[in-house]
Amino acid sequence: MRGGAGRWWTGLVAKRGRDQGFSIEAFSSFEFSIPRFYIGNSLHFFKSLVEDFKMQNYGNHILNASGKLSSFMRKFLFSIISFGPMPNHIAFIMDGNRRYAKKQIIEQNIGYRKGFSALLPILQYSVEMGVKYVTVYAFSIDNFKRSSDEVQSLMDLMKEKIDELSKKESIVKKYGIRINFWGDMKLLNETVRLAAEELMAATAENTGPVLSVCVAYTSTCEIIHAVQEFCSERRSYHLQGAHSKGLVSVVDLEQHLVSPSRHSHHLNSQFPDSISVIRFTSSSPWSSRFGVLVTYYKADMHPSGNEKPFNAPGRPAMPFPAASQASAPFLSSGPVAGFEASGAASRTTPPFLSSGALSNPGVSGAPLSMMPPLSSRPIAGQETSGYRTPPPQARFNGPTSPPQSSFSVQDPNSFQQAFPQFPPTSQPVYPLRSSPFGAPPVVPSLGPPSPAQVPTVPMGPPPQIANHSPPRVGIIPPVLDSSVSQPPFTGYPNASPLGNMPQPQFPAGRPVSRPTSQTFSAPNVPPYAPFNAHQGGFVPPPPPIGASLGFNARGQTQYPTAGPPLEGTLQGLIEDFQSLSVAPAPGTLDHGIDPKLLPRPLEGDNEPTSILETYPLNCHPRYLRLTTHAIPSSQSLLARWHLPLGIVVHPLAEAHEGEEVPVVNFGPAGVVRCRRCRTYVNPYVTFTDAGRKWRCNLCSLLNDVPGEYFCALDASGRRCDIDQRPELSKGSVEIVAPTEYMVRPPMPPMYFFLIDVSLTAVQSGLLEVVSKTIKACLDELPGFPRTQIGFITFDSTLHFYSLKSSSSQPQMMVVADLEDIFLPMPDDLLVNLSDSRGVVDALLDSLPSMFQDNVNVESAFGPALKAAFMVMSKLGGKLLVFQSTLPSLGVGRLRLRGEDLRVYGTDKEHSLRTPEDPFYKQMAAEFTKCQIAVDIFTFSDKYSDIASLGTLAKYTGGQVYYYPSFHASIHEEKLKHDLARDLIRETAWEAVMRIRCGKGVRFTTYHGHFMLRSTDLLALPAVDCDKAFAMQLSLEETLLTTQTVYFQVALLYTSSSGERRIRVLTTAVPVVSDLGEMYRLADTGAILSVMSRLAIENSLTTKLEDARQLLQLKIVKSLREYRNLYAVQHRLAGRLIFPESLKFLPLYVLSLCKTIALRGGYTDASLDERCAAGFNMMILPIGRLLKLLYPSLIRIDEILLKASDKSDVLEQLALTTESLDSRGLYIYDNGFNFIIWFGRMLFPDIVTSILGVDFSTFPDLSRATLFERDNEISRKLMKILAKARVQDPSTYQLCHLVRQGEQPRESALFLSNMIEDQTASTSGYRDWILQIYRQTQQGS
C-alpha cells in the first residue's frame, strides 16, 4: 500500500488500536512483534478493522479485500504463535474487570460481561492451536467477600455462559470438549450449580480437549484440606495400633490433594501441570475493551509440558475446607457504623446485602464420616442455617434413618431483584474423622468453684468453668395406677381425666400434625418408688485415658479429660438429669404417663442470671443470651449438640430502675479500641507495661494506651481508676461517639404518616381513631424541638398537605397522575412540629370530616409509597403506613391469592406466604439506604396480602401490626395503645449493629428485621426496645485451643436528642469439651427464640408440615444424644431423661408447632393472619415469645367474690381442658390478647356484675364490650386486667369474651389454645412426650 491508500490504512489501524487501549506505533511501519500480543487481542483487533471497513463503505472491492485480509491474518498469526513447542495446558486468570469498568466509567457488570466475552473466542483459538487442556480461574472463594449485588451479577453471568456452552451450535459440540468444574460447588448459587452439573454430565463422554473451570476455589483451601486429611489419617493409624514414620514429606501431603490428578478417570488422559498462565487484567498497557491478556511462561517449561505433578483445584462438587477470608481474622472494615476509619470524617457505605438466603435442595450422599468440616464460609445475606436441607421426601418413620433436614432462612426468591443473595446453602458441620487426643486425666472436685477459680479482679480473662457443679437431682416418680382418685372434669360432663375423646397412640415416626385413630388404654400400674442409685450401685469405669473426646463409646459419659468427677462414692449414687417414667401397663405394650408429672413452665421465663455469679463482668442476660453458655471445643462435639448454637441480642431492652446502662465519654482521648479487630475496650482486656499497653481479649493484639487515657497499675495489675471507669467494670456501657462516627449531621426524629382514606377506612372508624391518637401524642414525641412531621392520604388519588407555619390552615393538593408522581410544593410537605403545631392540629381535626362522605374503594398504595419516599429521602426517619384496602391501582397493585385450595399441601404452598410483587422489596431497599424505617398497620376484613406488604417492615427494621375485621368500637383501645407506643417509645435512629467474636468462632446467619449491609453489619434505620435479633454460630477451627470465647455487640445510633452513641455489650463464654456441660448450661428461651425464627423462615420455602417435622426431629436427636451420655451408667429403661435446663423444651416446641404461624393448614388460620404472626415472631424478645408459646391461664371467680381487698397471688393453671370448671371464670393471657371464659354454671351475680345483663338476654358475647361498672366485682376484674397490662407495656391485650358451649367461637378462640390437648390436626402434650420417648429409644 502506497500513497493515500497506505496513509489511510495506517491511520485507521492506529485509530482502532488507540480505541482498544494499546500502542500502535509499530503498526505504522509494519515492524510489530506478534508474540507481544496474544492471539485473542489480535483477532479482536482485526475483526474490528473489518467492521470499520463495512461501516465506512469504501466499496465492494474493499469489503472483499477485508474478508480475505482477515482470513489471511488469522492463518498468519496461528502459524507464528504455534511455531515451536506448544504447551499442553494453559491456565487463564480472569482479573481486572472492575478496574477496567472504573477506568472506562461503565457499570461493573458490564465490565464483567466484556471480560467473559473474551473467554469463548480464546477457548476456540486455544483448541485450534492444539492445546489439550485449558483451565480458567473464574471465581475465587475470596470473591464472596464482595457485595451481594456484585456476586449475584457474576452468578447470573456464569449461568448465562454455561447455557451458551450447552447449546448444540457451541464450540463444545463442535470440538468435543469435555468440561469439569473444580471447587466447593455448594457455595454457588443453586441455579449455577445445577447448570454446571448438567454440563459436566452432558460432556462426560467427550474425547476432545478438556476445559476446567475453577469456581469457589483457592489453593489455600486445598492445602488446608490436605493437611487435615493427613493428620486424620495418621491419627487413625495410631488409634489402630499401627506404626507410621514420624517425618512428613511433600509426597505425603500430595496424596491428599484434591486435584484432578487423583481422579484421572474423569479425564481422557493424564492432567498435566500448567506451563502457561494468562491473566486477564485491565491495568497493563495491552488492555483492550475485552480485558487484557498478558502471557508469561514458566522458566522450566519443557516441550512435553508435563514435568511436575499437577496441583490443581479440587474434585468436582466435593466439599473441602474453605480458607479464611482475611489474613487477620478479626480485621474490620471500620468502626461499628461502617464509617469508623480512624481520623476519617466519612466513609463510603458498602453495598447492601439481603438478610435472606437461597436454598440448596441437594444433599450429599456421602457418609457423614467422610464429609470434611467447612472451616469457614463466606457470608452474603442471611446465610442458611445448619438446619438447612430440603424437606423430607417421605414421612420420617423413626430416628434410625432420618431424612437430611434443617430449617430454611428465607424465601429462595426473596429479595432477588432488589438485593440478590449469595451464597445459597450451608450444610451441617460433620467431623472429618475424629477429634484430637484427649488431655491427661484431671479429677475435679464436686461443689462450687474454689476461690482461685473465681476472678478476683475486674480485668483479664475469666476462669474456665470446670465440670464440677452440683448435679441436679430430680427424678419424677411414676404414679400410673388407675385406681388413684382423679378429680372429675366438671367443665365438660362425662369427661375422663385425660379428656373426652379417645386417646390415640401414635407410631414412633408420626409427625406432630397427624395423629392416628388408634385408641389408648390407660395403664394400670401400681406406683413404685423413684429410681435410687443404691439399687444399682455399679459405676462403670471412666473412658480410657487419651480417648477421643468426640468419639467415645456411646454409652460412656463424656468428660473434658479422662474420667468422670468423683468425690468418694457419692457421684455414682446421684443422677445429674431429670427423668419422666414411661412404663407399660401389665399385660399391654402401651406406655403411659401421669399428666400431673409433666413439666410445665408455670412461672414464665427466668433469665439465666446464675452465669453472672461466675462471670460477674458480663452484660446482663436481658441484653444478650446464648443458646448454651458453653462453646464446644471441637467440630465433633458441635455435631452432637443437635440444637442451634447461637445468640439472641436485645440491645435496647428496658432496664429496671437503678440498673440503667452507664454513659461513658472518652473526651480528648477518643474512643479506645483495638486497632486490628476494632473491639472496644471492655472489662476483659488486660493492661501491661505499667499501664502503657493493653491486650485485646478478642484478637490478643497489644495496643498502646492513649496518653489521655493512661493510668498506673496497682500491685495486683489493676488500674487504679477502675472503679471510676464503667467500661472496665461493667459489661454494658453507652459510649458517646465523636464526630468521626458521623457521615452527616445527626438526623432529627422524623415521623411521616401515610393514611388510607378509602371507604373501608372511613366506615370502620380507622381514620378518626388514627387522627385523634396522633394528635394526643404530639406533645410526647421524642426529640422536641427538632421533631419533623408530614402527612399524605390516598385512595385512588394522592393528597399532599402543605403545613407551612405561616398558614392558618393546611392546604391540600391532589395528584391524580399515578404514573408520573411529583411533589407539589416540596418544601412545605415536611415541617418542624414546634413551628407548625397549629397547622398540624388543624389538619388532624379536619381529616375525619374531610373524607366522611368518601365512597372511593380503590387504593393507590404503591404510588403513595413512592411519593412518601420522595419526601423523606433527604432526612430519613419513620414512615407509618395505615392500610385498609388491597392495593389496586398503579405500581405495586396486588391480586387476591390463596383462593385455590389445591395449592395447599403441595410444594407450591409456601409461595402464598412470600411476596408476590418485587416492587415492595425494591422499595424496602431504597428506604433502608435513606435511613427510613417502615411500620405497617393493616386493617381489613378481607385479604390484604401481608406477605407482600410486610416486606417493607422486614428489611427496614420496622414492625407489622394486624387488626383483622377492624372496628373502632372493638379495637379502638388496642390501636390507640399500639400507635402511641410506636410514637412515644425511645427510638435509636440511623443505627447499625455489628457483633464481634473471639478466635475460632464466627456468625453464619442473622434473623430478624434488618438489612444485612455487609457480611456482619446489620443496617437498622430505626430500632427500639421491643425488637430482638438472633444469630447462629459455627466453629472456624476443628479444635478450639482457647479456654474462653468473647462476644461484643456494638450498636451505633443517633438518639432522639441528636447525640451519636455506641451501646457496647460484652460477654465471656467458657469453652468446654463435655457435651453434658453444654446441656447443663443450655438456655431454653434462647434456643426457642432461634428455633422459632428458623421455623418461620423455613415455612417460606417448604410446606408447614415439613417445618413442624423438622422441629420434632431436632428435639428427638437432642434428647437421644443426651440419653446416650447415661445409657450405661444408669438404668434408663422405661424413662425419658432430659437435662434440667431443657425440661420445658418439648412442651415449648409442641406449642410452637401450634402457633398461628405454623399450625394446621388452610382452615386453621387465614393467610394474612399466618403471615402477620410470622412477622411478629421474628422480632419478639425471649420473654414475650415464651409468653406467647405458653400463655397463662388463671381462675378468678373465687378472687372476685372475696371481700378482702388484698391482692391475691394468681395461680397459673395447665393449658388443658382438665383445668377448667364449668362453675368458674378464667382469664387466658398470651401477651397479645385476653380471652375471658365464662363457665356454663358460673354464678349469675358475677355475670351480671361484669356484663350488666345475664346470658339469657345477651346470648352473643362477640358484641359485648368490657368496661368498668359501678360494682366491686367489675372493679376487681378491671384491676386484674390492668395489672397484667402494666407488667408488659409493649402491647395492649384486647379482651375477647367467650361462653362455654358457644360454638364455633369457643373452639376458635379458646379451646384451640389449650396447648396440652389434642386437636383435630395435632397431638396433645402427653402423646407428644410418648412419641418423643419412642423415637429416642429407637436410636439408643
Side-chain angles (χ1 to χ4, degrees), residues 747-759 761-763 765-817 821-856 860 863-882 884 932 937 968 972 975-976 979-980 982-984 1056 1058:
M747 60 169 286
M750 205 277 280
Y751 298 90
F752 200 87
F753 300 92
L754 193 60
I755 306 174
D756 183 357
V757 293
S758 62
L759 177 63
V762 175
Q763 289 183 343
L766 162 64
L767 183 57
E768 183 176 2
V769 175
V770 169
S771 300
K772 290 182 179 179
T773 306
I774 295 174
K775 183 179 179 181
C777 295
L778 291 181
D779 291 329
E780 301 181 65
L781 291 181
F784 179 84
R786 303 168 62 245
T787 309
Q788 304 282 315
I789 195 169
F791 297 85
I792 291 179
T793 59
F794 64 94
D795 43 28
S796 62
T797 58
L798 309 184
H799 317 133
F800 298 86
Y801 299 92
S802 173
L803 304 174
K804 187 184 300 185
S805 59
S806 59
S807 303
S808 59
Q809 293 292 328
Q811 300 177 9
M812 183 176 73
M813 295 152 287
V814 179
V815 174
D817 186 358
I821 302 299
F822 67 96
L823 300 181
M825 303 178 67
D827 296 334
D828 301 328
L829 300 178
L830 189 63
V831 297
N832 183 279
L833 177 59
S834 60
D835 295 338
S836 303
R837 176 60 185 271
V839 186
V840 173
D841 286 342
L843 173 63
L844 293 173
D845 289 336
S846 60
L847 272 180
S849 59
M850 190 183 304
F851 295 98
Q852 63 182 355
D853 298 325
N854 190 10
V855 294
N856 197 322
L865 197 65
K866 295 185 67 175
F869 172 75
M870 295 169 66
V871 177
M872 303 177 64
S873 57
K874 292 183 179 180
L875 283 181
K878 179 179 287 188
L879 174 63
L880 292 93
V881 176
F882 301 90
S884 64
I932 302 172
F937 292 78
E972 179 178 2
L975 174 57
K976 289 171 61 176
L979 179 53
D982 195 298
L983 294 175
I984 296 174
S1056 296

### Distance, nearest 0.5 Å, that separates CG of Asn854 from CG of Leu759
7.0 Å
### Message
I want to check something: taking the side chain as every heavy atom from C-beta on, are Asp982 and Phe937 in contact at a cut-off of under 4.5 Å?
### Response
yes
#### Entry: From CG (Leu865) to CE (Met870), nearest 0.5 Å
12.5 Å
### Message
Is there a side-chain contact between Pro824 and Val815 in this structure, where contact means two heavy atoms from C-beta onward sitting under 4.5 Å apart?
### Response
yes
### Task
Return the set of residues passing side-chain hydrogen bond (donor to acceptor under 3.5 Å, both in side chains) with Ser884 (not counting sequence neighbours), or none when no residue passes.
Asp756
### Summary
To the nearest 0.5 Å, atom CD of Gln852 lies from atom OG of Ser846 at 11.0 Å
### Query
Can you find a heavy atom in the side chain of Leu880 that is under 4.5 Å from one in the side chain of Leu983?
yes
Less than 3.5 Å apart, which donor and acceptor atoms pair up between the side chains of residues 838-845 and the rest of the protein, not counting sequence neighbours?
from   : atom 1 : to     : atom 2 : distance (Å)
Asp841 : OD1    : Arg837 : NE     : 3.1
Asp841 : OD2    : Arg837 : NE     : 3.1
Asp845 : OD1    : Lys775 : NZ     : 2.8
Asp845 : OD2    : Lys775 : NZ     : 3.0

### Task
Determine the minimum heavy-atom distance between Leu975 and Val770, stating which atoms define it.
CD2-CG2, 4.2 Å
### Message
Between Ile792 and Phe752, does the side-chain contact (heavy atoms from CB on, under 4.5 Å) criterion hold? Intermediate values first, please.
### Response
CA-CA 8 Å; Ile792 291 179; Phe752 200 87; 3.5 Å; yes
### Task
Would you give the length of the straight line joining atom CD1 of Ile774 to atom CZ of Phe882, rounded to the nearest 0.5 angstrom?
5.0 Å
### Query
Quick one: are Leu823 and Val871 in side-chain contact, heavy atoms under 4.5 Å?
yes
### Summary
For Ser849, the side-chain hydrogen bond (donor to acceptor under 3.5 Å, both in side chains) test, sequence neighbours excluded, returns none
### Message
Can you list everything that forms a salt bridge (charged side-chain N to carboxylate O under 4.0 Å, His left out) with Asp817? Sequence neighbours excluded, please.
### Response
none
### Query
Do you know which two heavy atoms are closest between Leu875 and Pro748, and how far apart they sit?
CD2-CD, 4.3 Å
### Query
Roughly how far, to the nearest 0.5 Å, is the CD1 atom of Ile789 from the CG atom of Leu829?
13.0 Å
### Query
What's the verdict on side-chain contact (heavy atoms from CB on, under 4.5 Å) for Leu833 and Leu778, showing C-alpha distance, side-chain angles and the deciding distance?
CA-CA 8 Å; Leu833 177 59; Leu778 291 181; 4.2 Å; yes
### Task
Calculate, to the nearest 0.5 Å, the distance between atoms CE and CG belonging to Met872 and Leu879 respectively.
5.0 Å
## Note on the structure
Looking only at heavy atoms, the pair that brings Met747 and Gly876 closest together is CE-C, 3.7 Å
### Query
Quick one: side chain to side chain donor-acceptor pair (under 3.5 Å) pairs with a partner in residues 821-833, sequence neighbours left out?
Asn832-Ser834
Without placing hydrogens or testing angles, list every side-chain donor-acceptor pair under 3.5 Å for residues 797-804, not counting sequence neighbours.
from   : atom 1 : to     : atom 2 : distance (Å)
Thr797 : OG1    : Asp795 : OD1    : 3.3
Thr797 : OG1    : His799 : NE2    : 3.0
His799 : ND1    : Thr793 : O      : 3.4
His799 : ND1    : Thr793 : OG1    : 2.8
Tyr801 : OH     : Thr793 : OG1    : 2.7

### Query
What pair of heavy atoms forms the shortest contact from Pro782 to Thr787, and how long is it?
O-OG1, 2.9 Å
